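Written below as structure tokens is the structure these notes are about.
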Amino acid sequence: MLLPKIAPKRGTLPHRHPSLDVDAGALLLPPHRRPAVRSEVSAPQGLNSQQWVSLGGAPVKLMEFDPAIREILDRTTITGAKPLGVCSANLDHIRHFGVGSRWRGILDQPSPVEWLTLIDGAPLVSEAGRLTHHRWPRLAGSDLVGPLLDEAERRGLRVGFLGGTEEAQQLIRKKFAVERPGLTVSGWWAPERPVLADRKASKQLAADIAASSTDILVVGLGKPRQELWIAEYGNLCGAKVMLAFGAVVDFLAGRVRRAPAWVGAHGLEWAWRLMLEPRRLARRYVVEGPGAYLKLRRSSSATLPSLVPAVAQAFPEHEPSRVPGAFLPAEAAAKIAVIVVTYNNADDVGPLLASLRKETVEQSIKVVVADNSPDGRTLAELARHLDVVTLATGGNLGYAGGINAAMRVAGPADTYLILNPDLRVEPGALAAMRRRMAASGAGMVVPVLLDDDGSVYPSLRREPGFLRALGDAAFGSHVPGRPGWLSEMDCAPESYQHAHCVEWATGAALLIRADVVKEVGEWDEQFFLYSEETDYCRRVRESGRSIWFEPSARMWHERGGSGTSSQLTALMSVNRVRYAAKYGGSARLVAFRAVVLSSDLVRLHRPGHREALLAVASRRRWGSLPKASRNNEASRNNEFGGTLPSGAVIIPAHNEAAVIARTLDSLREVSGWGSVEVVVACNGCTDDTAAIASGYEGVRVLQVEEASKTAALNAADLVTQRWPRLYLDADIEVTAGAIGAVFAALDGGSLLAARPGFRYDASGASALVRSYYRARSRIPANARGLWGAGAYALSRAGHDRLGTFPPLTGDDYYVDRLFEAEEKAVLATEPVVVRTPRTSAALLAILRRTYRGNAQQDVVDAGGTTTRTFGELLLSVRGPLTAVDAAVYAVFAGLGRRRPLLLRKPATAWERDETSR
């Protein structure tokens, strides 16, 4: 085949190609102005005319000019061959596709499109020469497109143009009408970015191109978008060759001038382009270029490393499920063994299993569920599915421990799919993940996760590091477009549009090859919850396997599995430190820990971050955080007389976001019994109280519009079924032992009302406040009533006497007056914690509210209550210090009583102390 020789156009500066005695500046001349070019360029003796190398981690084929032209054009004549994608490698290419980049591996894995990556850019030419001891020419798209269009015109090939603006395409049309009248243009496509980002729209675009019978498609979408689009949709276009030549559209349109020959000869074409388009190219050349150059120098090799197996992973065919929609038993070999860990997910497992049954048409599946739930509801729901392998773990082993338990009984499978119980699998998702695994040789594949509103949840992550932790601590979810080295989370929209290698992803859905499972081993149970998938993915990568993201596999994720609490927030921070300790040295650990501390410090106003700060600062607190545990039901039965206590805990809450997690944390063991209802009645809340409470397993949340404590209590009574009932203020912490003792005392006995003991926590309070509460603690009357502890309980018979709560401020004082001394009791239990006000003003406000409630109930000193209290106060004096305390108490009591005597109108919204929160 003879190609035309090209001569310089008169009046232009020649741009000489380094391998040919040819003026590249004349490549865009019309055909009738170009003389012929010699057909062969001989490589130096002893060297091949082509060679694959790795430049900055990106595979590049080094070729002379003529062989490259021939290889591209020859592909248009081969019937049945894969389409050929052609791109040029420069520093920007290394930044996108080289070592450590987001898209590494996209262009060199087995796929429907075969890639030819040619060298471009002076630094790459220099590095290639250093590696091979041979000077290779630059083969930029702007150098190649002229001869390629000439031959297309001569052979009658149909050429299409995708990319650029409609204005630029119109300019090219006008030039072609004069300079290339014989070129057959099959079509012009100038899609907007939203079209390219939409899978359905991109497939339609590819179908339109295929309908035009295009032989060569010039794709000018810019790097890396053009390469990604070709890799994803190129096989649907019908074109035999696709040229990813981004800048060619502007060159062909005459909107950008090529650099003079002497500029290109000295490797300064980048400076020329920067001078012409500083706003568009400054970031690429000045900010991102130096990092890409370092990759080029550090990660280049004359031999091409194999990033994926030479032969794609082949999975043996197994007998499909005998009945469509049925799962195989554990002992049968399946293509996929689905591993699910549940914790109070009775409402979630049904929809998940229904979505999985649809997937059995394309592959054989078995499902193994490890249940960590403290009650039997989830197991009861699973019992309805006879073909699901169910395992009760006997406690809460955490996510890692539950996975390990399920894997031990899962039996043989080609792949193991870890799934959260609150996922819904979209049809075809599992098959898409398996196809990606087979094509790429990946050890793990992860899908795209969708929230309920259809938006993409940013599930992809980068390996934790000091700078990334620092960036996340400083910016949080703000500045989403910051560089990857400043953020662990990958929020870039294009990352969720194209398949590519990732470092790790959230553990909601992970498809893992069987040989990887065997080699990597069990999940690390020290993490319990959070960071366990970070650790496992790192071990997968260290085994030499890659992790791939597959966007065509879609799953819907409710993200409600683990809940939210101060302890879980603290555990998340602590596990980040645990991870750094496992893989980093002491210096790295100190630095990383400091960043985590800083992150919690700047978020101290948010629920849970105070506990997280304290936990990260003091390793001694780690033992109190959630960890793997097994139920010891026998010991509980012995403690409570042979059966677990039954009843309900009702918590009225009005804007209690600052304290509700603390209270619910203290109820974790109780809610885990399965015999106690926990109801949070949010009345008139305008903060995150309901959201925080909803994150706790086993907690029911009510929404009451009226900002009234008694309205909240009555609303909760209507929906609660169990007896006895403990009414607990939202800022009170109570132990399981105390609740069990109260419920046991009210279950079938003569008592109608009871409360646990309590203690005051006056830490941080002023001296006067501490003095007041010391005196109050010494008055016996204050320890005999049901009021003052923020917690009291009623049996069913006791509640019948109450009826409904009246609209009074002091509900505990009102309830106390309903019962005689022998019908109520203060039990000697482990005391609940009552945090006192911190300031004198806050204490006075509390006292005025209390005495106003008394005034509403017409009991102000009616029968000598005040006289008895005053007498017991005097009897408590044992010396000078107790006398001072008694005097302080008397003064506060007097000030608190003054105005409430005159205020007898009811107050439905109750006040509370903010200083102790």
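Since we're looking at a predicted model, the values are computed, not measured. Here, residue 1 is the first one in the sequence, and each next residue gets the next number.
Not one N or O on the side chain of H557 forms a donor-acceptor pair closer than 3.5 Å with the backbone of M555. Counting only distance, with no hydrogens or angles, the side chain of S675 and the backbone of P645 share a donor-acceptor pair below 3.5 Å. The backbone N or O of K335 sits less than 3.5 Å from a side-chain atom of S364, completing a donor-acceptor pair. E677 places a side-chain N or O within 3.5 Å of a backbone atom of Q721 that can act as its donor or acceptor partner. R424 places no side-chain N or O within 3.5 Å of a backbone atom of A354 that could act as its donor or acceptor partner.
Heavy atoms of other residues, nucleotides or ligands lying less than 6.0 angstrom from NZ of K582 number more than 12.
A search for ring-ring contact (aromatic ring centres under 6.0 Å, His included) contacts involving W523 returns Y536, not counting sequence neighbours. Judged as a salt bridge (Lys or Arg N to Asp or Glu O under 4.0 Å), and not counting sequence neighbours, R593 has no contacts.
Of the options T390, V338, I339, a side-chain contact (heavy atoms from CB on, under 4.5 Å) to V367 is made by V338 and by none of the others. Between L430 and the choices T360, L511, I365, the side-chain contact (heavy atoms from CB on, under 4.5 Å) rule is met once, by I365.
Taking all atoms of both residues into account, the shortest heavy-atom contact from D387 to A326 is OD2-CA, 3.6 Å.
Under the 4.0 Å criterion applied to side-chain N and carboxylate O atoms, R541 and E503 are not assigned as salt-bridge partners. No salt bridge links D524 with R539; every basic N to acidic carboxylate O contact stays at or beyond 4.0 Å. Taking the charged nitrogens against the carboxylate oxygens, E550 and R435 have no contact shorter than 4.0 Å, which rules out a salt bridge. Contact check on D665 versus R668 returns a salt bridge, with a Lys/Arg side-chain nitrogen under 4.0 Å from an Asp/Glu carboxylate oxygen. Between R545 and D515, at least one side-chain N (NZ, or NE/NH1/NH2) sits under 4.0 Å from a carboxylate O, which counts as a salt bridge.
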